[in-house]
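Naming: A, B, ... by sequence-line order, numbering from 1 per chain.
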2 protein chains.
Amino acid sequence: MQEPENPVADAFVAHCPSRGLLTRIGEKWTMLIIVALAEGSVRFGALHRRIEGVSKKMLTQSLKNLESDGLLTRKLYDEMPLRVEYTLTPKGEELVPLITALKTWAEGVVVERVRSGEIKLDPAFQEAG
Amino acid sequence: MQEPENPVADAFVAHCPSRGLLTRIGEKWTMLIIVALAEGSVRFGALHRRIEGVSKKMLTQSLKNLESDGLLTRKLYDEMPLRVEYTLTPKGEELVPLITALKTWAEGVVVERVRSGEIKLDPAFQEAG
DNA sequence: TCAACTAGGTACCTTGAGGTAACCATGCAA
DNA sequence: TTGCATGGTTACCTCAAGGTACCTAGTTGA
């Protein structure tokens, strides 16, 4: 509890840029985008369909942010109709196992709680189980 | 990209409760609180001092949320002055390695970028490096 | 008597994250 | 020529996350 874990960067310190990265990861759509890109390049439309509930605006904005953080790259193909593909950078790929683990953990907690009767899933979900 | 990773819970689906857990983890102070509690019980005041920049209100609120999610417990000791200790539950402890890894990753990225000259740290930080 | 420590509660306010909906340019097909 | 698909942009609006400031209540010390 007393010493910084890292001599030059420490997220416990208010102005440390690492806090910005953690904040970015915590933004509403970031984790899902990264998991969706885990296995390779994905087109905008495919992302939009995969991540249920995200608006085009927020998807665009989130992708831009991740690009400016150096976690993914955007490639525009000069075709018609337009084709745009998003791909994780090596830095972004480092995140995949970490975020996948979080997502798996969260889903595991839900599964446990459903099994124990603590919570119930949506009717739409029941049929899947 | 096509099949849900889990038969009954999938964060890609809008109404899946696992999304709520991911959202909770992403909230501004959650990750830091969990890392701060990684090594055992911590008092409110110590948390407040450790997590630079958090207000008492937000710390209280975040702790309440994590308690209602079953990730930590609050224990009030009937002493004067008041003593309250927060402790991770087993479920909360499961998160420690995952979130620690994210924090370490974020700090590592910052360290790399400082070394490469891509970014500069605050003067207050320079002396620590 | 006044201040400070303990751990909050609460009222008030601002900011911005995020949502909705419309629009754009292009090409294809009915 | 109306509609759909591509991948966005833009204006507008709302809600809640999060901040500030002040309150409690008991104890201790100057």
Side-chain angles (χ1 to χ4, degrees), chain A residues 1 11-15 19-34 36-37 41-69 71-87, chain B residues 1 11-16 19-34 36-37 41-69 72-87:
Chain A
M1 270 290 291
F12 279 117
V13 175
H15 53 271
R19 221 180 243 194
L21 281 172
L22 289 180
T23 300
R24 174 61 32 82
I25 293 173
E27 281 166 10
K28 189 162 183 182
W29 304 108
T30 300
M31 297 203 212
L32 294 177
I33 290 174
I34 290 181
L37 293 180
S41 302
V42 181
R43 297 184 62 169
F44 182 88
L47 278 173
H48 191 218
R49 270 172 261 118
R50 181 82 208 279
I51 303 174
E52 211 180 89
V54 70
S55 65
K56 289 196 292 182
K57 176 195 150 191
M58 287 314 300
L59 184 53
T60 303
Q61 190 178 110
S62 305
L63 289 166
K64 270 187 189 164
N65 288 341
L66 289 170
E67 191 188 7
S68 77
D69 281 349
L71 300 182
L72 58 79
T73 57
R74 181 188 126 108
K75 184 161 184 186
L76 169 65
Y77 293 85
D78 195 16
E79 301 173 358
M80 263 324 151
L82 223 48
R83 181 156 69 109
V84 182
E85 283 189 356
Y86 295 90
T87 315
Chain B
M1 271 292 289
F12 280 116
V13 176
H15 52 271
C16 179
R19 221 179 242 196
L21 281 172
L22 288 180
T23 300
R24 173 60 34 82
I25 292 173
E27 281 167 10
K28 190 164 183 181
W29 305 108
T30 301
M31 297 203 211
L32 294 178
I33 289 173
I34 290 179
L37 293 180
S41 302
V42 181
R43 298 185 61 170
F44 183 88
L47 279 173
H48 190 219
R49 271 173 260 119
R50 181 81 207 279
I51 303 174
E52 211 180 87
V54 69
S55 65
K56 289 196 291 180
K57 176 194 152 191
M58 288 313 301
L59 184 53
T60 302
Q61 192 179 107
S62 305
L63 289 166
K64 269 187 191 164
N65 289 338
L66 289 170
E67 191 187 6
S68 76
D69 281 348
L72 58 78
T73 56
R74 180 188 126 107
K75 183 161 183 187
L76 169 65
Y77 293 84
D78 195 16
E79 302 173 357
M80 264 322 150
L82 223 51
R83 181 157 69 109
V84 181
E85 284 191 355
Y86 295 90
T87 315

J.: When you measure from the side chain of A:F44, which nucleotide among D:dG18, C:dG9, D:dG7 comes out closest?
T.: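 Closest of the options to the side chain of A:F44: D:dG7.
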J.: Using whole Å, what does the distance between atom P of nucleotide C:dA17 and atom CG of A:N65 come to?
T.: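 It is 9 Å, rounded to the nearest whole Å.
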J.: Do B:K64 and B:E67 meet the salt-bridge criterion of a basic N to acidic O distance under 4.0 Å?
T.: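 Here B:E67 does not pair with B:K64 in a salt bridge, since their nearest N and O are not under 4.0 Å apart.
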J.: Among C:dA7, D:dG18, D:dG7, which nucleotide has an atom closest to any side-chain atom of A:V84?
T.: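 Nearest to the side-chain atoms of A:V84, counting from C-beta on, is D:dG7.
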J.: At their closest point, which heavy atom of B:R50 faces which heavy atom of A:F12, and how far apart are they?
T.: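 Looking at all heavy atoms of both residues, the closest pair is NH2-CD1, 3.0 Å.
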J.: Nearest whole Å is fine: how far is C:dA7 P from B:E67 CD?
T.: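 Between P of C:dA7 and CD of B:E67: 16 Å.
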J.: State whether B:R43 places a side-chain N or O below 4.0 Å from either non-bridging phosphate oxygen (OP1 or OP2) of C:dA7.
T.: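 For C:dA7, OP1 or OP2 has a side-chain N or O of B:R43 closer than 4.0 Å.
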J.: Select one nucleotide: of D:dG8, C:dA7, D:dT20, the one nearest the side-chain heavy atoms of B:S55.
T.: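 Looking only at side-chain atoms, B:S55 lies closest to D:dT20.
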J.: Please check: side-chain N/O of B:T30 versus main-chain N/O of B:G26, any donor-acceptor pairing under 3.5 Å?
T.: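 Not at all, since once roles are kept as given, no pair shorter than 3.5 Å links the two residues.
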J.: So, is B:K28 near the phosphate of D:dG19, with a side-chain N or O under 4.0 Å from OP1 or OP2?
T.: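 So the side chain of B:K28 is within the cut-off, an N or O lying under 4.0 Å from OP1 or OP2 of D:dG19.
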J.: On DNA chain D, compare the nucleotides closest to B:S62 and A:Y86; which residue's is nearer the 5' end?
T.: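 Its nucleotide being nearer the 5' end, the pick is A:Y86.
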J.: Is any side-chain N or O of B:K64 closer than 4.0 Å to OP1 or OP2 of C:dG9?
T.: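 So the side-chain polar atoms of B:K64 do come within 4.0 Å of the phosphate oxygens OP1 or OP2 of C:dG9, strictly under.
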J.: To the nearest angstrom, how far is A:R74 atom CZ from D:dT6 atom C1'?
T.: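 Nearest whole value for this atom pair: 12 Å.
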J.: Can you tell me how far CE of A:M58 sits from NZ of A:K28, rounded to the nearest 0.5 angstrom?
T.: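 Interatomic distance, A:K28 NZ to A:M58 CE, rounded to 0.5 Å: 8.0 Å.
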J.: Take atom CD of A:E27 and atom P of C:dA17, then tell me their distance rounded to the nearest Å.
T.: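 The answer, rounded to whole Å, is 7 Å.
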J.: Rounded to whole angstrom units, what separation is found between the CG atom of A:L59 and the C1' atom of C:dG19?
T.: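 In whole Å, C:dG19 C1' lies 14 Å from A:L59 CG.
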J.: A:P81 or A:G26: which one's nearest nucleotide on DNA chain C is closer to the 5' end?
T.: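 Its nearest nucleotide being more 5', the pick is A:G26.
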J.: For A:H48 and D:dG7, what is the distance between atoms NE2 and C1' respectively, to the nearest whole Å?
T.: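 One finds 11 Å between C1' of D:dG7 and NE2 of A:H48, rounded.
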J.: Regarding A:K57, tell me which of base, sugar-phosphate or nothing describes its non-hydrogen contacts under 4.0 Å with the strands shown.
T.: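 Base: the residue A:K57, judged by heavy atoms under 4.0 Å, touches a nucleobase.
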J.: Between A:Y77 (OH) and D:dG7 (C1'), how many Å, whole number?
T.: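 Going from OH in A:Y77 over to C1' in D:dG7 covers 15 Å.
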J.: At less than 4.0 Å, is any side-chain N or O atom of A:R49 found next to OP1 or OP2 of D:dT6? Yes or no.
T.: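 Result: yes.
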J.: Out of B:L66, B:L37, B:I33, which one pairs with B:Y86 under the side chain to side chain contact (heavy atoms under 4.5 Å, CB included) rule?
T.: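 Answer to the side chain to side chain contact (heavy atoms under 4.5 Å, CB included) test with B:Y86 among B:L66, B:L37, B:I33: B:L37.
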J.: Counting side-chain heavy atoms from C-beta on, which of C:dA7, D:dG8, D:dG18 comes nearest to B:M58?
T.: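 Ranking C:dA7, D:dG8, D:dG18 by closest atom to the B:M58 side chain puts D:dG18 first.
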J.: Can you check the A:R83 CZ to C:dG27 C1' distance for me, whole Å?
T.: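 Going from A:R83 (CZ) to C:dG27 (C1'), I get 16 Å.
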